Amino acid sequence: KAMAAQGAPHGTVLIAGHQTGGRGRMGRSFHSPAGKGIYMSILLRPNCPPTELMHLTCAAAAAMCDAVENAAGFRPGIKWTNDLVYARRKLAGILTELSLNPAGKVDYAIIGIGINCCQQPHDFPPEIRDIAGSLTSVTGRPVDPARVAAAMADSLWQMDRELLSGKTQMLDRYRAACVTLGQEISLLR
């Protein structure tokens, strides 16, 4: 966010192999151990009203399904609205944030994504061991985090090219991957 506020250009990508302050929705923490995952943020400057980006998190989730499929050889599902899952285990989280300029248009959007690549069950804290997973735990073989990062960047740049013109197709892809549709859910306040 600091780089965006200082004028970093559209398409700037930051990649880390470890986070000390990973967070998700509602201020929840995102477990980000060193060398086990890819933690990426991309800065977009779409120059549009914020209402034109209501689909941004969904578009990013569909793009990350493509990235995982390209890098690890399987297609995860999406748990509404921002988690990638497989066999009821969370593999990735996505957080989007917008900042508006004085004219009320989007100054920048940041999409932050954390993907668990190489964790084994014992790598997760006990409180999330039953719900967290990794690409390695799904495939049963090592997954190269660099390959995952490259696939993530490629998928995000493709998403960006179609962000404002391909909303219908993006939402269709999101719906096709969403494991929450048709399920009974509980909303907690």
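The model shown is predicted, which means the values in this text are computed figures rather than measured ones. Residue numbers run from 1 in the order of the sequence given.
Panel note: side chain R88, backbone D130; no donor-acceptor pair is recorded below 3.5 Å. Side-chain atoms of T136 come within 3.5 Å of backbone atoms of C117 as a donor-acceptor pair (strictly under, hydrogens ignored). Of the possible donor and acceptor atoms, one in the side chain of H55 sits under 3.5 Å from a partner among the backbone N and O of L163.
Across D83 and G93, no two heavy atoms sit closer than the pair OD1-CA, 3.9 Å. For V148 against V143, the heavy-atom pair with the smallest separation is CG2-CG1, 3.5 Å. Closest non-hydrogen pair, S155 versus A63, comes out as CB-O, 3.2 Å. Here the closest non-hydrogen pair linking P145 and C118 is CG-SG, 3.8 Å. In terms of heavy atoms, G104 sits closest to P50 at O-CD, 3.3 Å. For the residue pair A132 and R89, the shortest heavy atom distance occurs at O-NH1, 3.0 Å.
Here CG of L44 is found 5.0 Å from NE2 of H10. Values are rounded to the nearest 0.5 Å. From L156, atom CG reaches atom CD1 of I42 across 5.0 Å, with rounding to the nearest 0.5 Å. The distance from atom OG1 of T96 to atom CD1 of I110, rounded to the nearest 0.5 Å, is 10.5 Å. Atom SG of C48 is separated from atom CG of L53 by 4.0 Å, given to the nearest 0.5 angstrom. One finds the CZ atom of R129 at 12.0 Å from the CD atom of Q120 (value rounded to the nearest 0.5 Å). One finds the CG atom of L56 at 9.0 Å from the CE atom of M170 (value rounded to the nearest 0.5 Å).
I111 and L14 are not part of a single hydrophobic cluster, where members link through side-chain heavy atoms under 4.5 Å apart. No path of Ile, Leu, Val, Met, Phe, Trp and Tyr side chains, each step under 4.5 Å between heavy atoms, connects Y108 with V13, placing them in separate hydrophobic clusters.
For the side-chain contact (heavy atoms from CB on, under 4.5 Å) test with M64, the passing option among L91, I113, N82 is I113; the others fail. The side-chain contact (heavy atoms from CB on, under 4.5 Å) with L135 is formed by just one residue from the set D144, I115, N116; it is I115. The only option from T57, T180, L84 that meets the side-chain contact (heavy atoms from CB on, under 4.5 Å) definition with I78 turns out to be L84.
Residue pairs meeting the salt bridge (charged side-chain N to carboxylate O under 4.0 Å, His left out) criterion with at least one member in residues 175-185, sequence neighbours excluded, are D172-R175. Applying the salt bridge (charged side-chain N to carboxylate O under 4.0 Å, His left out) test to every pair with at least one member in residues 44-67, sequence neighbours left out, gives these pairs: R45-D107, E52-K167, D66-R75, D66-R173. Residue pairs that meet the ring-ring contact (aromatic ring centres under 6.0 Å, His included) test with at least one member in residues 155-189, sequence neighbours left out, do not exist here.
Shown here are the salt bridge (Lys or Arg N to Asp or Glu O under 4.0 Å) partners of K36, two or more places apart in sequence or in another chain: D123. Partners of A8 according to the side chain to side chain contact (heavy atoms under 4.5 Å, CB included) rule, which considers only residues two or more places apart in sequence or in another chain, are M3, T12, L43.
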I'd like to know whether E97 forms a side-chain contact (heavy atoms from CB on, under 4.5 Å) with K1, so could you lay out the CA-CA distance, the side-chain angles of the two residues, the decisive distance to 0.1 Å, and finally the verdict. CA-CA 9 Å; E97 297 184 70; K1 286 167 57 171; 3.2 Å; yes
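Applying the 4.5 Å side-chain rule to ILVMFWY residues, one finds V85 in the same cluster as V179.
Other residues, nucleotides and ligands contribute only 12 or fewer heavy atoms inside 6.0 Å of the OH atom of Y86.
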